[in-house]
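Inspection log for the structure reproduced underneath, given as structure tokens.
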Amino acid sequence: MPVPAPHPGDPQPPDAPRAVGGRDHRDLPPWWTLADGVAPARVRPLPSRRRMLVQLGLAALVVFVVVVVGASFAASRLAEREAVNDAAHTTNLLALAVVQPVLQDALLTGDPAAYAALDQVVRARVLPNGIVRVKLWAPDGRIVYADETRLVGQHFALGDEQRETLVAPQTRAEVSDLDRSENEFERYGGKLLEVYRPVWTPSGSELLFEVYGDYGPVSTRAFDLWRGLAGVLASSLLLLLVLMAPIIWRLLDRLGTAQEQRESLLRRAVDASARERRRIAADLHDGPVQDLVASSFAVSGAAESARAQGRSALSSTIGDAASTVRASIASLRSLLVDIYPERLADAGLATAVTDLARPLAGRGIAVSVDVDGEQAARLGELAQQVAHRVTRECLRNVVRHAGATHVWIRLSADGSDPARPVVLRVRDDGIGFDPTLLPRLEGHFGVRVLADLATDVGAVLRVRSAPGRGTQWLLALPVQKEDG
């Protein structure tokens, strides 16, 4: 809703004075906002069964995707660990049963016959077991045998793990990163499984036997594991959905029934309250109000008779009584509007506000009312009720606390734009107050009531005041939207 920007130069009623207590209103402090025009959020209805089932399915799908991704990672790690263990076991068998028996001491000196004997066994019985590279290292880092002949005789620094394997004989297996210079001829097929362990020549010379296995079986095994896990997970989630669907359906049905019952009870309570309010309003209007109106006429007639008889004192007393009766009638009419707000639409906002202001005259407070009927008609029923109640609360504050002699009430449009709000202004020339004390004065000034009323319809409520400078209230009400 467009919010008016009130400032000290806001237009005032033609008969409004320019100064209160010797000070111009332009000296008043800034406006304080009590309600910002944001209507409270409405209670959201229960979602439909179809929507709930769709949300449940989407949630299950998200869970399935997350679990499958996690299962894929776990399957890959498990398959890799199993493959490494298998590669270590296979390498142990090949080293002890195939390679070590054919090793000769002459291999260390580069004897061609010793090299050829080992190469024949390696190509016939080692490489066919998923091995892509075989190397045999001397402790000083020299390669004494490799199925890639270009590596034979080259020197490379052994890694810490390789040296530890020679010092404390053991088998090590890992996924090789192939970033060392010795792996120049292995960087063509992706990752490899690297396994190494010590072997010995007949004279007891220690060599490091190293093989590189194909990583392909790891991927195959990981996929098999993932497929098995995914199948179990998918069937489990599907079964869970099948079991939960009727439970959720029944739960939603019960919730819907409970909500319908609550709404039905609320409607009955509201209807009963409206009937009771209508009955009380009718009884008041047809009973006490009419009796008081008749009494007012009778008392006024008695005052005229006393005046005609020259009994001035008695006439004045009876006239005061007639004024009191008329003020009581106005108060009861305002009460009727509060009890049964539909009467506000019958009487009109201007009449209702005039009825609110009339009792102040009996207290010596002058009230100027300027309500634009055309602009009041732009307000919806609830907005008119809020305008009426805010006006009543402001006038009550004037009577109880302000000590004012004059009050101005004006309801007009905020500019020429039809979408702009209708603005209610209530101003008095009373003692005023310090707005910084509002949090502590809520119960005293009814500020919380006013703010709640404005918030209920999405209106803006502002106040500005200062000690000795009167008080100004501004209520910007949203206009009623036209159909079509």
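No experiment lies behind these values; they were computed from the predicted model shown.
Considering every non-hydrogen atom in both Asp429 and Ala404, the closest pair reads OD1-CB, 3.3 Å. When all heavy atoms are compared, the tightest approach of Pro478 to Ala383 is O-CB, 4.4 Å. Closest of all the heavy-atom pairs between Ala454 and Leu461 is CB-CB, 3.9 Å. What you find for Ser465 and Gly470 is that their closest heavy atoms are OG-O, 2.7 Å. Here the shortest heavy-atom pairing between Leu477 and Ala459 reads CD2-CB, 3.9 Å. Minimum interatomic distance between Asp372 and Ser412 (heavy atoms only, all atoms of both residues): CB-CA, 4.5 Å.
To the nearest 0.5 Å, the span separating CD on Glu194 from CZ on Arg172 amounts to 11.0 Å. A distance of 10.0 Å separates CZ of Arg378 from CG of Leu411, quoted to the nearest 0.5 Å. Once rounded to the nearest 0.5 Å, the distance linking OG1 of Thr471 with CZ of Arg464 reads 11.0 Å. For the atom pair CG (Leu475) and CZ (Arg462), the distance works out to 11.5 Å, reported to the nearest 0.5 Å. Between the CG atom of Asp428 and the CD1 atom of Ile409 there is a distance of 10.5 Å, given to the nearest 0.5 Å. Considering CG of Leu474 and CG of Leu424, their distance stands at 8.0 Å, rounded to 0.5 Å.
Inter-residue side-chain proximity for Gln472 and Trp408 is flagged as unmet; no heavy-atom pair is nearer than 4.5 Å. Using a 4.5 Å cut-off on side-chain heavy atoms (C-beta onward), Trp473 and Val390 make no contact.
Partners of Arg311 under the side chain to side chain donor-acceptor pair (under 3.5 Å) rule, at least two apart in sequence or in another chain, do not exist in this structure.
When Arg427, Arg410, His406 are each tested for a side chain to side chain donor-acceptor pair (under 3.5 Å) with Ser368, only one passes: His406.
Although no hydrogens or angles enter the test, the distance criterion places no donor-acceptor pair under 3.5 Å between the side chain of Arg469 and the main chain of Gly432. Proximity of a side-chain donor or acceptor of Gln384 to a complementary backbone N or O of Ala376 within less than 3.5 Å is detected. Formation of a donor-acceptor pair under 3.5 Å by the Thr405 side chain with backbone atoms of Ile365 is not found in this model. Distance alone, capped at 3.5 Å, places no donor-acceptor pair between the Ser264 side chain and the Glu260 backbone.
Heavy atoms of other residues, nucleotides or ligands lying less than 6.0 angstrom from CD of Gln309 number more than 12.
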